[in-house]
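Right, one structure below, let's go through it.
Naming: A, B, ... by sequence-line order, numbering from 1 per chain. Computed over heavy atoms, backbone and side chain alike; hydrogens, waters and symmetry mates excluded.
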2 protein chains.
Amino acid sequence: MTHDPVTPRGIPDATVARLPVYLRALSALADRGIASVSSEELATAAGVNSAKLRKDLSHLGSYGVRGVGYDVEFLVHQIGRELGLTQDWPVAIVGIGNLGHALAGYAGFASKGFRVVALFDVDSTVVGDVVAGLRVRPLADLAALAGTEQIAIGVVATPAANAQDVCDRLVAAGVRSVLNFAPCVLSVPDGVDVRKVDLSTELQILAFHEQRKAVRDLVGPLDELGARVAR
Amino acid sequence: MTHDPVTPRGIPDATVARLPVYLRALSALADRGIASVSSEELATAAGVNSAKLRKDLSHLGSYGVRGVGYDVEFLVHQIGRELGLTQDWPVAIVGIGNLGHALAGYAGFASKGFRVVALFDVDSTVVGDVVAGLRVRPLADLAALAGTEQIAIGVVATPAANAQDVCDRLVAAGVRSVLNFAPCVLSVPDGVDVRKVDLSTELQILAFHEQRKAVRDLVGPLDELGARVAR
DNA sequence: ATCTGTGAATTTCTTCACAGCA
DNA sequence: TGCTGTGAAGAAATTCACAGAT
């Protein structure tokens with residue numbers, strides 16, 4: 001019990017969260033015909049520090065060449081495999097309002113391993129509409145459809161008031177990964193992952209820092225750290 | 001230089017990122033007419049552990065009462081003030097495609113301290129349209145408008161290819177907080193904050209865990225940790 | 001008796017700095 | 001020489017566990 005914080009092939013969460021960023025930067029390099037990158041260059045493109053990048057990649061294996069760098073195509077392949085992008089993940093979107101519409105039409109879905117297979121809504125004025133080539137189904141059809149199409153990821157794009165109910169139905173239908181756009185906390189049983197995308201949280205975090213900057217400007221750029229805020 | 005990692009009234013980033021979640025949970029409690037909560041209850045509502053909640057709140061001050069809990073209204077006020085929500089933050093959205101539309105119409109904006117004051121796009125087929133009560137302006141008007149309306153936060157909802165250019169224009173117009181929905185890294189000078197909201201990153205993180213779960217199911221729920229993955 | 005606020009312990013994440021390979 | 005991979009140091013975040021206020 002000395003120092004082995006990580007199960008064999010266990011990749012730290014912080015690293016997993018950055019792999020998509022590296023992947024995107026690498027894809028952009030590949031598109032420009034670049035075959036090889038140093039950790040320094042890739043780190044810059046990804047907006048991180050190079051030591052961090054190297055440590056992150058070292059969790060996947062020794063895929064670099066000392067004195068040279070990383071092979072772009074090869075790394076794309078390895079990261080994609082690690083993230084599970086070699087297979088297709090069927091996605092269902094629940095809640096076809098403004099946001100649901102935008103999500104259904106989002107090209108980023110189709111591109112890399114994700115395929116929107118079903119759209120649901122409770123609102124009968126929306127049900128039956130064809131959005132991004134798919135007919136919107138009544139939410140009640142979810143359970144039935146989950147048998148046919150194996151839905152891997154459920155996207156909750158409903159108002160907060162319905163989100164927990166929708167989430168419960170998704171889980172009951174066998175979905176174990178949920179992406180939540182509703183501004184609320186979802187509770188799920190063990191073994192189900194939820195990730196949240198939250199516009200107003202992000203705005204509030206920006207507002208916090210913006211306020212700090214405003215105060216700092218008033219005080220003036222004098223006293224380096226001791227900025228005692230009077231009110 | 002013993003143990004004081006944080007400047008006076010410096011609130012850890014991790015705490016700042018959770019304050020909006022607490023605020024929302026508290027608002028929900030207030031709406032239900034609940035006047036007081038324990039850290040345990042609020043933590044559950046916010047989906048965090050109670051020790052973490054207490055430590056987070058302790059960074060704002062001693063606003064709880066031992067043996068009793070926290071006054072809901074009072075905490076709402078304190079957190080709102082800390083996040084800078086007592087003032088209005090003018091927001092501009094650039095890129096009025098599917099997503100920009102959804103964002104402009106998002107009620108969450110107006111509710112809590114944020115006010116959308118301008119919409120921009122380069123596409124002449126969109127410019128002039130009225131979205132959510134605002135006329136879409138050509139991007140070229142940004143510089144001129146920044147003088148009139150003090151834009152505090154710029155939302156980038158353009159394709160990745162245009163995002164850096166748009167961001168540069170926002171910064172040039174004096175914007176120091178950017179919320180980026182484009183799937184790319186933005187580089188900005190010191191003193192400008194960028195936060196990213198990224199659908200496909202979140203999907204890929206979910207896919208990673210989903211893949212793990214699939215493998216674990218194949219292996220079976222035997223050997224607790226040593227799960228050597230053979231292929 | 002109850003529940004907050006917080007030192008101390010622990011875990012996780014980041015960064016440094018350099019050994020070692022091409 | 002140039003750049004990766006990684007121990008070791010450092011910083012940050014989390015969690016424990018309990019003193020102390022009500």
Side-chain angles (χ1 to χ4, degrees), chain A residues 1-19 21-22 26 29 34-72 74-75 78-79 82 205 225, chain B residues 1-19 21-22 25-26 29 34-72 74-75 78-79 82 205 209 225:
Chain A
M1 207 158 296
T2 38
H3 54 79
D4 197 356
V6 167
T7 311
R9 295 203 52 80
I11 299 181
D13 285 346
T15 295
V16 172
R18 282 186 295 264
L19 290 180
V21 180
Y22 302 155
L26 285 163
L29 291 172
I34 292 166
S36 175
V37 266
S38 69
S39 64
E40 197 66 55
E41 293 164 325
L42 182 52
T44 302
V48 303
N49 138 333
S50 69
K52 193 185 324 199
L53 171 70
R54 287 199 301 279
K55 181 141 289 191
D56 282 343
L57 293 185
S58 77
H59 288 116
L60 313 191
S62 276
Y63 296 147
V65 179
R66 288 164 199 248
V68 178
Y70 300 89
D71 183 276
V72 173
F74 184 70
L75 246 198
Q78 291 303 325
I79 295 178
E82 198 64 55
I205 296 171
L225 275 183
Chain B
M1 208 157 293
T2 38
H3 54 81
D4 197 357
V6 166
T7 312
R9 295 205 52 81
I11 298 180
D13 285 346
T15 295
V16 172
R18 282 186 295 265
L19 291 180
V21 180
Y22 302 154
L26 285 163
L29 291 172
I34 293 166
S36 174
V37 268
S38 68
S39 63
E40 198 67 54
E41 294 164 325
L42 182 52
T44 302
V48 303
N49 140 332
S50 69
K52 193 189 313 201
L53 172 70
R54 288 199 301 277
K55 182 141 288 188
D56 282 343
L57 294 184
S58 77
H59 288 115
L60 312 191
S62 277
Y63 295 148
V65 180
R66 290 167 198 244
V68 178
Y70 300 89
D71 182 276
V72 173
F74 185 70
L75 247 198
Q78 290 303 325
I79 295 178
E82 198 64 55
I205 295 170
H209 292 292
L225 274 182

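Rounding to whole angstrom units, CD1 of residue A:Ile11 and C1' of C:dC13 are separated by 15 Å. The interatomic distance linking B:Tyr63 (OH) with D:dA21 (C1') rounds to 18 Å, in whole Å. To the nearest angstrom, P of C:dT12 lies 16 Å from CG of A:Asp56. In this structure, CG of A:Leu60 is placed 10 Å from P of D:dG5, rounded to the nearest angstrom. The distance between atom NZ of B:Lys52 and atom P of C:dT10, rounded to the nearest whole Å, is 19 Å. Note: CG (B:Leu57) to P (D:dT14) measures 14 Å, nearest angstrom. For the pair B:Phe74 CZ and C:dT4 C1', the interatomic distance rounds to 15 Å; values are reported in whole Å. We find that CG of B:Asp71 is positioned 16 Å from P of D:dT22, with the value rounded to whole Å.
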Per-nucleotide protein contact string for nucleotides 16-22 of chain C (B base, S sugar-phosphate only, - none; heavy atom under 4.0 Å): BB-BBBS
Candidate pair A:Arg18 and A:Thr15, rule side chain to side chain contact (heavy atoms under 4.5 Å, CB included), full reasoning: CA-CA 5 Å; A:Arg18 282 186 295 264; A:Thr15 295; 4.0 Å; yes
Stepwise side chain to side chain contact (heavy atoms under 4.5 Å, CB included) check, B:Leu60 with B:Leu19: CA-CA 10 Å; B:Leu60 312 191; B:Leu19 291 180; 4.2 Å; yes
B:Tyr70/B:Glu41 under side chain to side chain contact (heavy atoms under 4.5 Å, CB included): CA gap, chis, key distance, verdict: CA-CA 10 Å; B:Tyr70 300 89; B:Glu41 294 164 325; over 6 Å; no
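Here the shortest heavy-atom pairing between B:Tyr22 and B:Leu57 reads CD1-CD2, 4.3 Å. In terms of heavy-atom proximity, B:Leu42 sits nearest to B:Ala25 at CD1-CB, 3.9 Å. The heavy-atom pair separating A:Leu26 from A:Val72 by the smallest distance is O-CG1, 3.5 Å. The two residues B:Ala43 and B:Asn49 come nearest to each other via the heavy atoms CB-C, 3.9 Å.
Remark: B:Gln78 engages B:Tyr63, B:Arg81 in a side chain to side chain donor-acceptor pair (under 3.5 Å) (not counting sequence neighbours).
Listed by residue number, A:Ser38, A:Ser39 are the residues of residues 36-44 of chain A with a heavy-atom contact under 4.0 Å to DNA chain D.
Looking at the side chain of A:Arg18, the nearest of the listed nucleotides C:dT14, D:dG5, C:dT6 is C:dT14.
Test A:Asp71, A:Val65, A:Val68 against A:Ser36 for side chain to side chain contact (heavy atoms under 4.5 Å, CB included) and you get one pass: A:Val68.
Remark: B:Tyr70 is in phosphate contact with C:dG5, judged by side-chain N or O atoms under 4.0 Å from OP1 or OP2.
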